[in-house]
There are 2 protein chains.
Amino acid sequence: MSSSSGSGRSATEARALKIHSEAERRRRERINAHLATLRRMIPDTRQMDKATLLARVIEQVKLLKRKASEATTQSTPLPPETDEVSIELHTGDANAGADRVIYIRASISCDDRPDLVARLAQAFHGLRLRTVRADMTSLGGRARHVFILCKDEGRGAAGVGASASLRSLKEAVRQALARVASPETAYGSSPFQSKRQRILDSHYSIMSI
Amino acid sequence: MSSSSGSGRSATEARALKIHSEAERRRRERINAHLATLRRMIPDTRQMDKATLLARVIEQVKLLKRKASEATTQSTPLPPETDEVSIELHTGDANAGADRVIYIRASISCDDRPDLVARLAQAFHGLRLRTVRADMTSLGGRARHVFILCKDEGRGAAGVGASASLRSLKEAVRQALARVASPETAYGSSPFQSKRQRILDSHYSIMSI
DNA sequence: GCGCACACGTGATCC
DNA sequence: TGGATCACGTGTGCG
C-alpha cells in the first residue's frame with residue numbers, strides 16, 4: 001500500500017482505481033471475444049464450460065494437425081497386400097464426335113522394385129499410349145501406381161471396328177501390366193516372404209529411372 | 001448480502017467462503033493448464049499474451065481447417081498457368097525422437113517437356129532423397145508434379161545443426177526445382193508463345209523416360 | 001508515476 | 001443448500 005489513513009481513498013487513488021478496473025474489463029472482453037469466436041468455429045460448443053471448451057479446442061487442433069499432415073503425405077490409401085491390375089476406359093464425352101480421344105485409367109499394385117516405373121513407361125510407349133497423369137505410392141516394399149493414359153489419335157482403328165479395337169487395346173494394356181507386375185510367374189521362385197522382411201529390405205525409390 | 005452485523009463473519013460463513021475461493025482457484029488452474037497446452041502446441045507462443053495467444057489459436061485453426069479440407073478434396077488438379085515451386089517440411093511427430101524421418105513435399109509447376117521427369121529424378125537422387133509418392137499431371141503443355149520425398153537417415157546432420165541443415169536442405173531442393181523448371185532463365189529465348197500454340201504442340205508424355 | 005498483464009477473492013446466478 | 005460457473009474489482013509485479 002502506498003499511502004493510507006483510517007477512512008477512505010484520496011481522490012487521485014479513486015480515479016486511478018476506476019481506470020484500472022476499466023482496463024481490466026477491456027482485457028476480459030478481449031479474451032472472452034476470442035473464446036466466443038472459437039466457440040463459433042468448433043461444432044457443439046455452444047454454452048459449454050470455458051475450460052472444457054478449451055479442451056475441445058486442443059483436441060480439435062490435434063486432430064486437424066494430424067489430418068492436414070497425413071493428407072499432404074498420403075492422400076490415397078495404402079498399397080494393398082495382394083497384387084491387382086485394373087483397367088478402365090474413358091472416352092472423353094461420348095457425344096462429342098470430333099476429337100476421338102480415349103483415356104485409359106490403368107492401376108497396378110505389386111511389390112515395388114527399382115525398374116518398375118521404367119518397365120511401365122516402356123510398356124505404355126510400346127502401346128502408343130501417352131501418360132497424362134500418374135499417381136504413385138511406394139510403402140513398405142509395396143507399390144500402387146495409377147496412370148491416366150491417352151490414345152490421342154485412333155487413326156489406325158477409326159472406322160468400323162472401333163469398339164472391337166478398344167476392347168483389344170484394353171486387354172493388351174491389362175496383359176502388359178500383368179507381365180510387369182509379376183515378370184516371373186510360372187517360375188518356381190518362392191512367393192513366401194514375410195511382410196516384415198520386405199519392409200526391411202525396401203528402400204526403393206519409385207523414381208529411380 | 002445474506003446476513004451481516006457490524007463486525008466480522010460467522011464461522012460457517014468464513015468456512016464456506018474459503019471453500020468457495022479454493023474451488024475458484026481450481027477452476028482457474030484448469031483453464032490455465034489448457035492454455036499452457038495450447039501454448040505448447042502452437043509455434044512461437046511462448047510467454048505471449050493470453051488474449052493474443054487465443055488469437056493465434058483461432059488463426060491456426062482456420063489455417064488447418066483450410067489445409068485439411070483442400071487436401072481431402074484435391075482442389076488443385078489443373079496445372080496453373082504461372083510457374084511455381086513450393087517446398088514443405090514434415091518431420092513425423094516432433095517429440096518422437098527415435099526415428100528421425102523427414103518428409104518433404106515438393107511441388108513444381110512449369111511447361112511440360114520430355115526430359116522433365118528424368119531431370120527431377122536426377123535432382124532428387126543427387127540430394128539423396130527417395131521418392132515415396134508422386135502425383136504428376138500434364139495438360140495443355142503445362143505440368144504440375146507433386147512429390148513426397150523422404151530423407152531416411154539424417155546421420156550426417158543429426159546433432160546440433162539439425163534445424164539449420166533442414167533449412168538448407170529445403171533451400172537446396174527449392175533451387176534444384178527452380179533450375180529444372182526454367183533451365184534457360186537469363187538467356188534471351190523468347191518467353192512469348194501463345195497458350196494455344198503450346199497446347200497444339202504438346203504431346204509430351206510425363207513418363208517418356 | 002503509468003500501462004499492462006496476471007492471480008486472487010468475492011458476490012451473483014443457475015441447476 | 002451446495003456445487004459449479006461467471007464477471008467484477010482489486011492487489012501486485014514488471015518495464
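Lettering follows sequence order; numbering is per chain, from 1. Side chains are part of it too, since the values below use all heavy atoms of this structure and drop only hydrogens, waters and symmetry mates.
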[X] [atom1] - [N] [atom2] separation (whole Å):
X	N	atom1	atom2	value
A/R39	D/dT5	CZ	C1'	12 Å
A/I31	C/dC4	CD1	P	14 Å
B/L53	C/dA5	CG	P	13 Å
A/K18	D/dC8	NZ	P	15 Å
B/Q47	C/dA5	CD	C1'	12 Å
A/I19	D/dC8	CD1	P	18 Å
A/H20	C/dA7	NE2	P	14 Å
A/R15	D/dG9	CZ	C1'	18 Å

TODO: Identify whether the distance between the nearest side-chain nitrogen and carboxylate oxygen of B/R25 and B/E29 falls below 4.0 Å.
DONE: yes
TODO: Could you tell me whether A/D135 and B/R133 have a side-chain N and a carboxylate O separated by less than 4.0 Å?
DONE: yes
Task: Matching residue for B/C110 among B/V85, B/D83, B/T82 - test: side chain to side chain contact (heavy atoms under 4.5 Å, CB included) - done: B/D83
- [ ] Could you check A/L127, A/L129, A/V132, A/I148 and say which one makes a side chain to side chain contact (heavy atoms under 4.5 Å, CB included) with A/I104?
- [x] A/L129
Task: B/R130 side-chain N/O to B/C150 backbone N/O, donor-acceptor pair under 3.5 Å - done: no
Side chain of [X] (C-beta onward), nearest among [options]:
X	options	result
B/L17	D/dC8, C/dA7, C/dT10	C/dT10
B/N32	C/dA7, D/dT5, D/dA7	C/dA7
B/R27	C/dT10, D/dT5, D/dA7	D/dT5
A/E24	D/dT12, D/dG9, D/dA7	D/dG9

Task: Of A/R28 and A/A23, the one whose closest DNA chain C nucleotide lies more 5' - done: A/A23
- [ ] Using the closest heavy atom to pick a nucleotide of DNA chain C for each, name whichever of B/E29 or B/D49 lands nearer the 5' end.
- [x] B/D49
Open item on the list: Does B/R30 reach a base, just sugar-phosphate, or nothing at all? Heavy atoms under 4.0 Å.
Closed with: sugar-phosphate
